[in-house]
Participant: 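Sharing a structure, written as structure tokens. Questions coming.
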Amino acid sequence: GDSVTQMEGPVTLSEEAFLTINCTYTATGYPSLFWYVQYPGEGLQLLLKATKADDKGSNKGFEATYRKETTSFHLEKGSVQVSDSAVYFCALINPNNAGNMLTFGGGTRLMVKP
Amino acid sequence: EAGVAQSPRYKIIEKRQSVAFWCNPISGHATLYWYQQILGQGPKLLIQFQNNGVVDDSQLPKDRFSAERLKGVDSTLKIQPAKLEDSAVYLCASSQGGTVSYNEQFFGPGTRLTVL
């Protein structure tokens, strides 16, 4: 079945540091890929998405590129802020499956220190 | 626009008791999802509705879990009887639905269940 693997946290960075959170996936066909973010005390929010190979999703300074050759969708940000502290989830939707079920990775907690 | 509403936000019960969760999706959203998020893990789909019909319930433990969406709007998820391993956050999400391969899912704040 489909699966998503992301690096374990927590990831602790100083403000203005460069961020990379690795994500790889296993799925048949051509899934759509997503990053969701969960801020403390809040619900899951869509951060960015990419629906085909070589697409780059971007939002709030975060970027991720859909790499089919390496089955990866790594999340990057050039300069993190304290307000970026949250849990980040990589996820996919496989159009071969019934419905639009999201398959999530285990999440990576990011802690940014001032 | 109001988001996805869930209640209660927190629930503590003893094992073998019953519990029910309620979800009100975003107005006009045809598709509703229930996910289970165990501490330290990503959410896992339990059941998906399209209007009042079930699209996917393959991961719902049907011996103890049930869900309904009778009028195609609100939904309830029930656990009877609860086990210790059911302790988790139960997330409800909704999307516009239809035949598009992807529609953004909007998540509610979740219900945190603790089974003692």
Side-chain angles (χ1 to χ4, degrees), chain A residues 1-10 21 23-27 29-52 55 57 59 66 73 75 86-109, chain B residues 2-7 9-10 23-26 29-51 53-60 67 69 88-112:
Chain A
D2 302 335
S3 66
V4 177
T5 302
Q6 56 184 112
M7 60 190 291
E8 291 191 17
I21 299 178
C23 170
T24 57
Y25 68 89
T26 301
Y30 299 91
S32 295
L33 302 175
F34 310 87
W35 278 99
Y36 277 81
V37 59
Q38 192 169 37
Y39 297 104
E42 298 184 18
L44 277 167
Q45 303 173 27
L46 178 64
L47 181 60
L48 54 84
K49 70 177 188 288
T51 57
K52 61 182 187 295
D55 268 3
N59 186 25
Y66 188 144
F73 193 55
L75 183 68
V87 181
Y88 293 81
F89 292 92
C90 187
L92 67 82
I93 290 178
N94 189 334
N96 293 335
N97 297 336
N100 285 329
M101 156 189 143
L102 280 160
T103 298
F104 286 91
T108 302
R109 181 176 299 277
Chain B
V4 177
Q6 291 188 246
S7 68
R9 292 294 309 277
Y10 305 92
C23 173
N24 182 239
I26 292 173
H29 279 191
T31 308
L32 185 147
Y33 312 79
W34 283 101
Y35 290 86
Q36 179 192 57
Q37 186 178 13
I38 293 172
L39 185 65
Q41 300 181 18
K44 181 186 77 172
L45 181 74
L46 292 175
I47 189 168
Q48 176 185 345
F49 292 95
Q50 178 75 18
N51 296 309
V54 175
V55 175
D56 184 354
D57 65 355
S58 58
Q59 299 188 77
L60 186 74
R69 193 184 185 200
V89 176
Y90 290 85
L91 298 169
C92 180
S94 70
S95 68
Q96 289 183 338
T99 58
V100 179
S101 62
Y102 165 70
N103 281 300
E104 181 176 350
Q105 294 181 29
F106 295 84
F107 284 81
T111 296
R112 182 178 297 277

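Each chain gets a letter, A, B and so on, in the order its sequence line appears, and its residues count up from 1. All values below were derived from every heavy atom in this structure, side-chain atoms included, with hydrogens, water molecules and symmetry-related copies excluded.
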Participant: Do the side chains of Y36(A) and Q105(B) get nearer than 4.5 Å, heavy atoms only?
Facilitator: yes
Participant: So what's closer than 4.5 Å to chain A heavy atoms on Q6(B): side chain, backbone, both or neither?
Facilitator: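 Neither part.
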Participant: Going through the checks in order, is the side-chain contact (heavy atoms from CB on, under 4.5 Å) test met by L32(B) and V4(B)?
Facilitator: CA-CA 10 Å; L32(B) 185 147; V4(B) 177; over 6 Å; no
Participant: At a 4.5 Å cut-off on heavy atoms, which part of Q45(A) comes close to chain B: side chain, backbone, both, or neither?
Facilitator: neither
Participant: Rounded to the nearest 0.5 Å, how far apart are CG of L46(B) and CG of D56(B)?
Facilitator: 10.5 Å
Participant: I'd like to know which of P109(B), G110(B), P43(B) tops the heavy-atom pair count under 4.5 Å against chain A.
Facilitator: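 Maximum pair count with chain A is reached by P43(B).
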Participant: Less than 4.5 Å to any heavy atom of chain A: does that hold for the side chain of Q41(B), its backbone, both, or neither?
Facilitator: backbone
Participant: Are any of the side-chain heavy atoms of Q59(B) and M101(A) separated by less than 4.5 Å?
Facilitator: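 Answer yes - side chains close enough.
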